[in-house]
Structures are given as structure tokens and as C-alpha cells.
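Heavy-atom basis, side chains included; hydrogens, waters and symmetry copies ignored. Residue numbers start from 1 in every chain, and the chains themselves are labelled A, B, ... in the order their sequence lines are given, proteins ahead of strands.
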Number of protein chains: 2
Amino acid sequence: MDTSAALAIFRKNLEKYVVFNEAEWIVFTQHLKFSLLKKKHYFAEPEKVCDKVGFALTGSVRYFHMKDGQDITGYFTFENEFVSSYKSYLTGQPGHIYIQALDDCRLITFTRNDMDQMLNNPLLAFKMERFGRLVAENCLCCYDDRITSFITKTPEERYLQLLSTGKEVLQRIPQHYIAHYLGITPVSLSRIRRRVMETVR
Amino acid sequence: MDTSAALAIFRKNLEKYVVFNEAEWIVFTQHLKFSLLKKKHYFAEPEKVCDKVGFALTGSVRYFHMKDGQDITGYFTFENEFVSSYKSYLTGQPGHIYIQALDDCRLITFTRNDMDQMLNNPLLAFKMERFGRLVAENCLCCYDDRITSFITKTPEERYLQLLSTGKEVLQRIPQHYIAHYLGITPVSLSRIRRRVMETVR
DNA sequence: TCAAAACGTTAACATAAGATAAGAAATAGG
DNA sequence: CCTATTTCTTATCTTATGTTAACGTTTTGA
């Protein structure tokens, strides 16, 4: 995949938020950088400000916390999705999470500074405000669903919900990471799976 | 509190997002309505599209789900905060939650239609895009913290965290509502409180 | 003011989850 | 290809939570 093909894919994926005309796209792309995040390397780390957003052309990442020396996975993103310690990016404050590549990731990135420049560039400002709004709003809806599932569902129900939404993309993810994503221990998820299997039978 | 005093308070509270000049403010306020939501009445209900956002001048509201005939509280907001079934407002799809007044609430409201008009009004569009973005981003940070607490903390730790953030405003809220907000049952919260008391002693 | 409803605690019991450890299976990486 | 690591399951034990019900207290609303 060459640079222009990658940009075309990125542009296509942005269309659910905003559509750039040619002039805008030229300026926008001047703020983009390509990078490779190799497997097990970190996109973000605690105590550090995450001043950038990435878009994964290929590869996937894992978001995790460290608590009492234990690594607790909170989220994943996959190809054609954004990657960032979003809260840190937004606030400019140090984040609390690790973001680690599960595979080699080909990324398109822009920094907070780039975004601020674009927000101050009359040619792009309006569209970037809208872009930022729509991304945040979209993200908010996902967060809302997730909080609701913690409030109203049991771990078993959350697991069944995850199965039913059938993100086959989760197939690749080790099960103990998924357990923490569901708010339980790997051992507990293993038991839930057995329970579910026996019930279905 | 008369109308102009109420508007002044609203304006002041919006300043953490955007600052309106006089011309903008005049247009903006033309889209606002005042209303009274009486105690126990609903601002939003499941199956209905919530097409508006409120700002509570006075009063507080409770957000809850119904599951198997049981009422499960997910959130609260208080005076000088926004009220909305935000996801429903954003998507235009029917919501899943009840929003019920805990006290009589004096509200300033605007509809989604009003917002869309303002987003299409050159005088206001840019500022409203930014407003929408900053509100969503701010909300996102709160949601992020909450999800993190479900992933990384025990119910007891979540309760202690809630105490320490010392929102005295929660003092007014019945404890069984807070239990569900923390993702546990009222009986369990009562036991946690006893445990904590005994430990402190 | 008074009866009804809501609220918080406690108890008893059943169930599920956490912690730890062990072992088998799958995977990774040289 | 082979070893080291990772991953998943299972077992045991402990602890926390859910469920239900009872009781006393407080609050509400007519």
C-alpha cells in the first residue's frame, strides 16, 4: 500500500464525519505523518501527555491500565479506527493508560498542535470543529452503551452481548484481555463460557 | 429569579465552553425556552426520541433504566448542569432511559431543531460547532473516568472514590440510587458502608 | 396530622466472583 | 524444528455479592 492509496483510505473513512474538498484536503494532508508502530511498542504511556491521534491503516492496539503490578485491558481498536489516549489528547494532561500494538501498525498521525493550527486556519477551521464534534459525539455513544452495560447487566450478560454483536475482529484477541474488558477476571470468564456452553446444550 | 437573571446564569455557565458576544447572544436566546419540570415528572422516556437539551437552573434529575420491572439508576445531574438523553438527542433515535425530576426543576431548553438551525446560521454556526464539540469532549472525559473505574476498581473502591471526590451534592440522593450508580445493589452498598466504618475505627 | 410509602440496615441463604496454583494446549520466536 | 512463553481450563478455597425478607425509621403527601 503506497502513500496515496493510504491517504485515499483515510479520506474515505473520514467521510462519515466530514467530506473535504480538494483544497481543504491538500492543507489537511500537510499536517499528516506516516509512521510504523511495531508490535509490542507503545503509542501512549502513563505519566506522559499523548499529544497525537493515529489512524490505523493496518494492525490493532490494546489499551491497558496497570494496577498493583497487574495489567488490566480496557479496550482495543483495529484497522481503520482511530488510536489515541483521547482524554490526554483533549486535556493536554498526562494519561493513565498504555496503548500497545498487538501487531505491527501502519499509522497516519496528526498532533494536537497540528489540530490547533487547523482550527486556527480559516480554510479548515469550520470543518475541523465539526470533525472534532462528530468524532467526540460518536465516541460518546459507544461509551454510553458500555457504561449502561456495566450498570444494567451481569458479567454473563455482557459476555453474551459481546458475542451477539459478533465483532469477529475480537476473535483474534486473547480471551484474558476480553475478560478485563468485560470487567471480570480471566478465570471468571472461562467459567462463564463453560456455563453458557452447558446451558446451550 | 426572573428571566434575565436566569439567562445571565446560563450565559455564565456556558463560558467554560464558548463566550458569546451580544449579537450572537441575542440570536442564541431566541432559540431558548423556559420550562418547569415538576418533581417526579419525566424529561425523557424510553421508546421516545429525546429531541432537546435542558439546562437546570434549579433542581436535580435522575437517569434510570428499567430491567425486568426493576428501576436501575445510572446517573444524576444537578443545578447548573445539562439534562438530556444525550445519545438519543445526538442520534435522533429513541432512547432507552427515563429522566425524572427529583425536585421541581426550572429549565432552559433548546431543541435539536433549534440547534440545527443555529448550526446553519452563519452568525452562530462556528461557535455552535465549537460549543457542541467542547460539551461532547468534556462529557467524554467523565465517561472515560467512569468506565475506567468499572474496569479497574472494586465496588468498595468505587464507593470510596465517590466519597473522596466529595460531591456533597450526592448527600441528597437516596443511597439505593447511589448503589446502582456504582453498579451494585443497595444491600451490598449498605454492607460496604459498614465494612468501611469498621475499618476506619 | 396521620397513614402510607420510601428508606436503610441486618440476617440467612444461594450464587458468583476473586485468588492461587497446576497442568494441558497453543503459539511465538529464534 | 524445538523450546520458552503464552493462553486457557480446571480445581480449591475464600470472599463478596445477589436475593429475599423482616424490621425500625424517616419522609411524603393527602
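- Between the A/Ser88 side chain and the A/Cys50 main chain, a donor and an acceptor come within less than 3.5 Å of each other.
- Looking at heavy atoms from C-beta onward, A/Leu107 lies out of side-chain contact with A/Phe34 at the 4.5 angstrom threshold.
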Each nucleotide N or O in nucleotides 27-30 of chain D that has a protein N or O under 3.5 Å away: list the pair and distance.
none

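- Across its full length, the helix from C/dT1-D/dA30 to C/dG30-D/dC1 shows an angle of 70° between the axes of its 5 terminal pairs at either end, rounded to 10 degrees.
- Between C/dA17 and A/Thr185, no contact under 4.0 Å exists linking OP1 or OP2 to a side-chain N or O.
- Taking atom CD1 on A/Ile184 and atom P on C/dG18, their separation rounds to 7 Å, with Å as the unit.
- For the pair A/His176 and D/dC8, the criterion of a side-chain N or O lying under 4.0 Å from OP1 or OP2 is met.
- For B/Arg62 and B/Thr73, the side-chain atoms include at least one donor-acceptor pair closer than 3.5 Å.
- Ion pairing of B/Glu157 with A/Lys67 is present here, as a side-chain N (NZ or NE/NH1/NH2) and a carboxylate O approach within less than 4.0 Å.
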Each nucleotide N or O in nucleotides 9-12 of chain D that has a protein N or O under 3.5 Å away: list the pair and distance.
unit_1: D/dT9; atom_1: OP1; unit_2: A/Arg193; atom_2: NE; d: 3.4
unit_1: D/dT9; atom_1: OP1; unit_2: A/Arg193; atom_2: NH2; d: 3.3
unit_1: D/dT9; atom_1: OP2; unit_2: A/Gln175; atom_2: NE2; d: 2.5
unit_1: D/dT9; atom_1: OP2; unit_2: A/Ser190; atom_2: OG; d: 3.0
unit_1: D/dT9; atom_1: O5'; unit_2: A/Ser190; atom_2: OG; d: 3.2

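- Considering only the side chain of A/Ser188, C/dG18 comes nearest among C/dA16, C/dG18, D/dT7.
- Side-chain contact of B/Thr148 with B/Asp145: a donor-acceptor pair under 3.5 Å is absent, judged by distance alone.
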